[in-house]
Every structure is written in C-alpha cells, then in structure tokens.
Amino acid sequence: MVLTLLKAKPETKLGKQICKVVLDHFEKQYSKELGDAWNTVRDILTSPSCWQYAVLLNRFNYPFELEKDLHLKGYHSLFQGSLPYYPKSMKCYLSRTPHRMPSERHQIGNLKKYYLLNAASLLPVLALELRDGEKVLDLCAAPGGKSLALLQCAYPGYLHCNEYNSLRLRWLRQTLESFIPQPLVNVIKVSELDGREMGDAQPETFDKVLVDAPCSNDRSWLFSSDSQKAACRISQRRNLPLLQIELLRSAIKALRPGGLLVYSTCTLSKAENQDVISEVLNSYRDVVPVDIKEMARTCSQDFTFAPTGQECGLLVIPDKGKAWGPMYVAKLKKSWTT
C-alpha cells in the first residue's frame with residue numbers, strides 16, 4: 001500500500017509531515033468514539049507546534065536555580081489540587097504555552113537535572129501510589145520516564161524494570177544511568193524478558209505493577225515517515241488488544257494478593273483501553289476495579305478528560321491550552337481469595 005504524506009499545518013516545526021492514511025484511519029474510528037471532541041483533538045495532534053512539554057525535576061540532582069527560572073518564566077507546579085496521593089518529592093512544572101526546554105545531553109558520571117515529558121504520563125505513576133520499601137514492577141519500562149517518575153515518588157525496596165525490545169532496552173538503561181545515583185541502582189533490576197512470561201517467572205512477587213502497554217501511539221503514528229511501516233502498523237493494529245490482555249494476565253500473576261495494578265496506554269482507542277480492561281475484569285474473580293474518578297476531578301484544571309464509562313478508567317485527551325495526552329489510565333486491585 002502506498003501512503004500519501006501531507007504537509008502538516010504551516011506552523012508545524014521540524015518539517016514533520018502528516019501521514020494521510022493514518023489520519024483517515026483515525027478519522028473514521030475516533031469521530032465515532034469521541035464525537036465532536038475529535039475535531040479539537042485532531043487539530044492538536046496534527047499541529048506539533050501546539051504540543052506542550054512538562055519539566056520533571058530530578059530530586060537526585062535538584063536544580064534549584066532552574067526551578068527559580070521556571071517560576072520567572074510563568075511555569076506552574078503540576079497538580080496544585082489536593083490529589084489523594086502526591087508526594088512532595090515529585091516536582092513537575094508546566095507552562096500554559098507550548099514552550100520546550102532543550103534536553104540535557106547524556107554525560108557519564110553526571111546526573112541530569114530534569115526530564116521532559118507529556119504531563120499526562122505522570123497520572124499512571126501517581127495512580128500506583130508507591131510507598132517506601134515496596135516491590136514494584138514496570139513491565140514495559142522503556143524509555144524509562146515512568147520508572148524515573150516512580151523513583152521521584154518513593155524509595156522502593158525493589159524496582160524491576162523490564163523491556164523486551166533490545167533497542168528500547170538500551171534507551172531505558174541510559175535513562176536510569178542519567179538520572180539515578182549509584183547507591184539506588186542497587187535496588188533496581190533491569191531485564192529483557194517477554195512481559196507475557198513475567199508472571200510465571202515471578203509469581204505473586206510485587207506490591208505494585210505498572211503495565212504501560214505497547215499500543216497505537218497516536219501522536220507518533222500520525223507522523224509516520226516510513227510509509228510501508230505505517231501501512232503495516234495499521235493492518236496489525238487489531239492484534240494489539242490480544243497482546244495487551246496477555247501482558248495484563250502476566251502482570252496479575254506477578255502481583256501479590258492485595259496489590260495494585262495500573263494499566264496505561266498513549267492511544268485514544270477504546271479497543272485498546274476500556275475493552276481490554278473489561279475483558280480482564282470479566283475473566284478474573286480476584287481482580288477488582290479501583291475508582292479513580294477523584295483523580296480526574298482534582299486534575300481538571302490541567303487536563304481534559306473524555307468519558308470512559310468506567311469508574312476505574314480515565315482518558316486524557318489533548319485540548320487547547322492543555323495539549324496533554326492521549327493517555328488512558330486504569331487501576332485494578334488483586335483481592336485476597338478465600
């Protein structure tokens with residue numbers, strides 16, 4: 001299949017081009033699933049100059065001067081509302097305007113001071129409610145931003161970062177090396193296991209599990225530069241929910257009774273979000289949904305949420321002045337069986 005590439009809107013940076021076949025594919029699906037909200041979402045996703053970048057400060061090499069500078073530039077602290085769980089050690093700043101700070105270069109022996117990210121990607125981390133001393137698994141951990149954010153929240157007794165893709169694994173290792181001091185590296189294990197096998201390898205081991213699953217990455221897919229790869233992705237997209245369910249089954253097996261599991265994706269797709277969670281809830285007696293509507297209420301000044309029809313699931317959609325997401329977050333608990 002030959003894909004047509006359209007030039008993105010004139011204000012687009014870096015000469016990115018929109019892949020028309022991907023856009024048409026999304027148009028059909030998301031206009032049905034999101035209704036009128038899709039028009040705004042589409043406009044933002046296809047205009048990279050509208051995209052925003054949050055600045056997560058690294059508590060292991062805290063940039064006090066940078067923090068002052070961010071205040072002077074009009075940045076504000078994320079989650080100014082009273083979230084049920086928000087550690088004071090996590091500091092993230094964002095600007096209402098689409099300003100992007102330069103990324104720091106990786107230097108061996110020097111810890112970076114900040115990490116740039118989509119602010120919505122902190123929601124799954126906060127939903128996990130990590131406490132000091134807990135054992136936590138990040139099942140699909142690359143490029144490492146969520147593992148890094150977990151370490152800003154608490155000092156786990158053990159953090160297992162797993163990534164099956166060898167290229168992405170290198171990226172994960174570099175992220176951890178760039179931000180985390182050597183003594184803390186001793187409580188971190190990095191592995192390259194197929195995530196679907198983790199439950200059998202480490203049954204009922206972890207207090208908390210994060211499954212930031214492989215998904216249709218809507219933002220990047222829209223700018224596919226390799227036409228053949230984009231066509232292949234679209235044709236294989238229907239297979240993703242099966243993989244996501246298998247990863248969740250493995251994660252549930254690796255979770256101890258009483259433990260919490262958070263599932264997240266960076267797609268708007270109902271098939272990869274609500275439908276996956278419904279399938280899992282329908283097939284386990286000992287897995288129950290955890291209500292996270294309060295998180296949406298508290299975060300509404302910084303994020304726009306689309307209805308999911310689930311008390312345990314949130315969907316952040318890009319909006320004007322709040323160009324964060326897509327990010328789906330669902331929270332589950334493994335109950336004690338009698």
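These numbers were taken from a predicted model, which means no experiment stands behind them. Numbers here simply count residues along the sequence, with the first being 1.
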Legend entry - Pairing residues for H71 by the ring-ring contact (aromatic ring centres under 6.0 Å, His included) criterion, not counting sequence neighbours: Y93

Legend entry - Pair S95, Q52: side-chain N/O donor-acceptor within cut-off below 3.5 Å: no

Legend entry - Full working for side-chain contact (heavy atoms from CB on, under 4.5 Å) between L78 and D302: CA-CA 7 Å; L78 189 57; D302 287 315; 3.6 Å; yes

Legend entry - Y62 vs E67, side-chain hydrogen bond (donor to acceptor under 3.5 Å, both in side chains): CA-CA, chis, key distance, verdict: CA-CA 9 Å; Y62 202 81; E67 189 173 30; 2.9 Å; yes

Legend entry - Test side-chain hydrogen bond (donor to acceptor under 3.5 Å, both in side chains) applied to D218 and Y30, step by step: CA-CA 11 Å; D218 296 349; Y30 295 149; 3.1 Å; yes

Inset, instruction - Using only heavy-atom distances, determine whether the side chains of D212 and S264 contain a donor-acceptor pair under 3.5 Å. - result: yes

Legend entry - Pairwise distance OG(S89) to CG(L57) - rounded to 0.5 angstrom: 11.5 Å

Inset, instruction - Give the intermediate values and the outcome of salt bridge (Lys or Arg N to Asp or Glu O under 4.0 Å) for residues E246 and R196. - result: CA-CA 6 Å; E246 289 174 341; R196 293 170 291 189; 3.3 Å; yes

Inset, instruction - Taking atom types as modelled, find out whether E272 and Y328 have a side-chain donor-acceptor pair closer than 3.5 angstrom. - result: no

Inset, instruction - For K28 and D24, run salt bridge (Lys or Arg N to Asp or Glu O under 4.0 Å): C-alpha distance rounded to whole Å, both residues' side-chain angles, the deciding distance at 0.1 Å, then the answer. - result: CA-CA 6 Å; K28 272 186 203 164; D24 289 348; over 6 Å; no

Legend entry - Working for side-chain hydrogen bond (donor to acceptor under 3.5 Å, both in side chains), residues R237 and Q29: CA-CA 12 Å; R237 194 178 187 211; Q29 180 181 351; 2.6 Å; yes

Inset, instruction - Check the surroundings of atom CG in D291: do more than 12 heavy atoms from other residues, nucleotides or ligands lie under 6.0 Å from it? - result: yes

Legend entry - Neighbour count above 12 (heavy atom, 6.0 Å) for R297 CZ: yes

Inset, instruction - Apply the test side-chain hydrogen bond (donor to acceptor under 3.5 Å, both in side chains) to residues D286 and S335: give CA-CA distance (whole Å), side-chain angles for both, the deciding distance (0.1 Å), then the verdict. - result: CA-CA 5 Å; D286 61 342; S335 58; 5.8 Å; no

Inset, instruction - Output the distance between atom CG (L314) and atom CE (M295), rounded to the nearest 0.5 Å. - result: 7.0 Å

Inset, instruction - Give me the one residue out of K113, K112, Q152 that meets side chain to side chain donor-acceptor pair (under 3.5 Å) with N58. - result: Q152

Inset, instruction - Determine yes or no for a side-chain-to-main-chain donor-acceptor pair under 3.5 angstrom, with T298 supplying the side chain and L83 the backbone. - result: no

Inset, instruction - Could you name each residue pair satisfying ring pair (Phe, Tyr, Trp, His ring centres under 6.0 Å) that touches residues 161-186, not counting sequence neighbours? - result: Y115-F179

Inset, instruction - Assess whether atom NZ of K135 is packed by more than 12 heavy atoms of other residues, nucleotides or ligands within 6.0 Å. - result: no

